[in-house]
Amino acid sequence: MTQKRKGFRLFVLPLFVIALSLGNYARLTGTEHIRAIHIVTLITLGMGIGILLRNVFTYFRMRGGDTDLL
């Protein structure tokens, strides 16, 4: 796999999931009553942010020369 393609997978796809989740959450009405869709959207948003942060930290550690993380 080329380096450019790997970078796309590591950063753009989690950002896409985060953007979709934020857009979905912003469109929901009635946030005074928590429904199941609110919970699913927030869990998806948190997972996307977690995956993105892990990829960012791994990227910077790999650039520093520590290659035994993966």
Side-chain angles (χ1 to χ4, degrees):
M1 184 178 313
T2 65
Q3 189 68 12
K4 187 174 183 179
R5 186 90 165 149
K6 189 173 183 181
F8 175 79
R9 280 183 151 180
L10 291 178
F11 298 110
V12 175
L13 290 178
L15 284 174
F16 182 71
V17 170
I18 292 169
L20 283 177
S21 296
L22 276 175
N24 184 33
Y25 188 72
R27 290 184 322 146
L28 292 174
T29 58
T31 55
E32 63 274 356
H33 301 291
I34 297 176
R35 296 181 296 170
I37 190 66
H38 292 107
I39 296 169
V40 170
T41 303
L42 289 174
I43 288 173
T44 305
L45 184 61
M47 287 173 51
I49 291 171
I51 291 169
L52 180 66
L53 285 174
R54 185 215 176 261
N55 290 343
V56 167
F57 290 145
T58 302
Y59 175 76
F60 284 120
R61 285 185 181 165
M62 296 294 278
R63 287 193 63 169
D66 190 10
T67 59
D68 61 342
L69 291 173
L70 299 176

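Note that the structure is predicted; figures quoted are calculated from it, not measured. The figures here come from the full heavy-atom set of this structure, side chains too, leaving out hydrogens, waters and symmetry mates.
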*Steps toward side chain to side chain contact (heavy atoms under 4.5 Å, CB included) verdict (Leu28, Tyr25)*: CA-CA 5 Å; Leu28 292 174; Tyr25 188 72; 4.2 Å; yes

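- Residues Ile51 and Leu42 are members of separate hydrophobic clusters, defined by side-chain heavy-atom contacts under 4.5 angstrom among Ile, Leu, Val, Met, Phe, Trp and Tyr.
- The two residues Pro14 and Gly48 have their closest heavy-atom pair at CB-O, 4.0 Å.
- Taken to the nearest 0.5 Å, the CD1 atom of Ile18 stands 11.0 Å off from the CG atom of Leu13.
- The same ILVMFWY cluster, assembled from side-chain heavy atoms under 4.5 Å apart, contains both Leu22 and Leu52.
- When every heavy atom of Ile37 is checked against every heavy atom of Thr41, the shortest pair comes out as O-OG1, 2.7 Å.
- Both Leu15 and Val56 sit in one connected hydrophobic cluster of ILVMFWY residues. Membership requires side-chain heavy atoms under 4.5 Å apart, directly or through other members.
- The CG atom of Asn24 lies 9.0 Å from the NE2 atom of His38; values are rounded to the nearest 0.5 Å.
- Linking ILVMFWY residues whenever their side-chain heavy atoms come closer than 4.5 Å, directly or via other members, leaves Val17 and Val12 in distinct clusters.
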*asked:* Walk me through whether Leu45 and Ile49 qualify under side chain to side chain contact (heavy atoms under 4.5 Å, CB included).
replied: CA-CA 6 Å; Leu45 184 61; Ile49 291 171; 4.2 Å; yes

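- Distance check, rounded to the nearest 0.5 Å: CZ of Arg54 to CG of Leu10 gives 8.5 Å.
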